[in-house]
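Read through the structure below, which is laid out as structure tokens, and then see the notes.
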Amino acid sequence: MKRVIIAIVLISVSVYTGVYSLNETKRICNNMISRIETLTEYNTDILENDNHDKRVEFYNKTQSLHDIWEENSKFFYFFFNNDDIKQLETSIEKLPEHAKNGDLETTYLCLVECKEELEYIKNSVPPSFDNIF
């Protein structure tokens, strides 16, 4: 009886961890994707109507995205393939540098790359029995 209880507890913890990781992945990815879309709009707006205040706000928003990544990167490294995450991390780290330097075309390309990587990560983990166990 003792072994059955231990097995049930272990299975319950496994199911909870699997479901939690899938939900947390979608939440974080959706949050970052929406911020990237906002940054893309800012980037386009700056290209059309350049002004110093917009550039400063754009830089602050790229730095905010970088900070969000720093808060959540350990979660991604724990649950996902490190090669995929490393490429995303590299792109996110370049964003504030490009925004600070005023290189808007390269910043746009980094934003597109980040969005594609996040979409890939989000869509590569659909809920299934295999993902939970």
Side-chain angles (χ1 to χ4, degrees):
M1 186 67 175
K2 188 176 185 182
R3 290 183 183 173
V4 171
I5 292 173
I6 291 172
I8 290 172
V9 168
L10 289 176
I11 290 171
S12 298
V13 168
S14 297
V15 168
Y16 175 77
T17 302
V19 170
Y20 170 77
S21 70
L22 293 173
N23 288 336
E24 191 67 9
T25 299
K26 287 193 183 249
R27 185 189 67 77
I28 293 169
C29 285
N30 286 335
N31 180 20
M32 291 185 71
I33 288 169
S34 69
R35 288 177 183 267
I36 287 172
E37 288 171 348
T38 302
L39 284 170
T40 304
E41 291 172 10
Y42 264 82
N43 192 17
T44 305
D45 190 35
I46 291 171
L47 284 170
E48 293 171 358
N49 307 315
D50 194 7
N51 114 15
H52 179 70
D53 293 337
K54 288 181 183 178
R55 284 183 181 260
V56 170
E57 189 174 351
F58 181 68
Y59 171 74
N60 291 338
K61 287 184 181 286
T62 58
Q63 191 62 43
S64 173
L65 181 68
H66 182 268
D67 294 343
I68 290 170
W69 172 253
E70 288 296 319
E71 292 172 12
N72 296 302
S73 63
K74 289 180 180 72
F75 171 81
F76 281 97
Y77 275 112
F78 185 75
F79 285 106
F80 295 101
N81 182 355
N82 287 346
D83 293 336
D84 296 336
I85 303 305
K86 195 66 169 169
Q87 186 174 2
L88 175 63
E89 183 173 49
T90 303
S91 297
I92 289 176
E93 287 178 355
K94 290 179 183 178
L95 279 173
E97 294 173 22
H98 293 310
K100 187 175 185 179
N101 295 336
D103 191 1
L104 297 175
E105 290 82 14
T106 308
T107 305
Y108 179 78
L109 294 175
C110 274
L111 288 169
V112 169
E113 186 177 321
C114 289
K115 184 178 177 183
E116 288 173 357
E117 288 293 324
L118 285 167
E119 289 285 349
Y120 172 76
I121 290 169
K122 183 176 92 171
N123 294 329
S124 69
V125 288
S128 69
F129 188 75
D130 292 336
N131 288 348
I132 294 173
F133 291 104

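- Closest of all the heavy-atom pairs between Arg55 and Gly102 is NH1-CA, 3.3 Å.
- Minimum interatomic distance between Thr40 and Tyr108 (heavy atoms only, all atoms of both residues): CG2-CE1, 3.4 Å.
- Summarising the geometry, atom CD1 belonging to Ile28 is positioned 4.0 Å from atom CG belonging to Asn72; distances are rounded to the nearest 0.5 Å.
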Exercise. Step by step, would you call Glu93 with Glu70 a side chain to side chain contact (heavy atoms under 4.5 Å, CB included)?
Worked result: CA-CA 10 Å; Glu93 287 178 355; Glu70 288 296 319; 4.3 Å; yes

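- Residues Ser91 and Glu117 are not in side-chain contact: their nearest non-hydrogen atoms beyond the backbone lie 4.5 Å or more apart.
- Heavy atoms only, all atoms of each residue included: Leu65 and Ile92 are closest at O-CG2, 4.4 Å.
- Using a 4.5 Å cut-off on side-chain heavy atoms (C-beta onward), Trp69 and Leu88 make contact.
- Cluster membership for Phe78 and Ile85, using ILVMFWY side-chain heavy atoms within less than 4.5 angstrom, is shared.
- Applying the 6.0 Å contact sphere to OH of Tyr20 captures no more than 12 heavy atoms from other residues, nucleotides or ligands.
- Looking at Glu57 and Lys54, no side-chain N of the basic residue comes within less than 4.0 Å of a carboxylate O on the acidic one, giving no salt bridge.
- With respect to Phe58, the side chain to side chain contact (heavy atoms under 4.5 Å, CB included) criterion is satisfied by exactly one of Asp53, Leu95, Ile46: Ile46.
- The structure places SG of Cys110 at 15.5 Å from NZ of Lys115, a figure rounded to the nearest 0.5 Å.
- For the atom pair OG1 (Thr25) and CG (Asn30), the distance works out to 10.5 Å, reported to the nearest 0.5 Å.
- Residues Leu39 and Val112 are members of separate hydrophobic clusters, defined by side-chain heavy-atom contacts under 4.5 angstrom among Ile, Leu, Val, Met, Phe, Trp and Tyr.
- In this structure, Glu116 and Glu119 have side chains that are not in contact, with every pair of non-hydrogen atoms separated by 4.5 Å or more.
- The shortest non-hydrogen separation linking Asp103 to Thr107 is O-OG1, 2.7 Å.
- Put simply, Tyr59 and Ile68 are part of two different groups of oily side chains (I, L, V, M, F, W, Y) that touch within less than 4.5 Å, one to the next.
- Note that NZ of Lys100 is 9.0 Å distant from CD of Gln63, once rounded to the nearest 0.5 Å.
- Proximity of Glu41 to Asp45: side-chain heavy atoms (C-beta onward) are nowhere separated by under 4.5 Å.
- Ion pairing between Arg27 and Glu24 holds under the 4.0 Å rule for side-chain N and carboxylate O.
- Across Thr62 and Pro96, no two heavy atoms sit closer than the pair OG1-CA, 3.6 Å.
- By the criterion of side-chain heavy atoms lying less than 4.5 angstrom apart, applied directly or through intervening Ile, Leu, Val, Met, Phe, Trp or Tyr residues, Ile6 is not grouped with Tyr16; the two fall into different hydrophobic clusters.
- Leu109 and Leu104 fall into different hydrophobic clusters, where Ile, Leu, Val, Met, Phe, Trp and Tyr residues are linked whenever their side-chain heavy atoms come under 4.5 Å apart, directly or through other members.
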For this session: Kindly indicate, with the supporting measurements, whether the criterion side chain to side chain contact (heavy atoms under 4.5 Å, CB included) is fulfilled by Met32 and Arg35.
Result: CA-CA 5 Å; Met32 291 185 71; Arg35 288 177 183 267; 5.6 Å; no

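- One distance of note links NZ of Lys94 with CG of Leu111; it measures 13.0 Å at 0.5 Å rounding.
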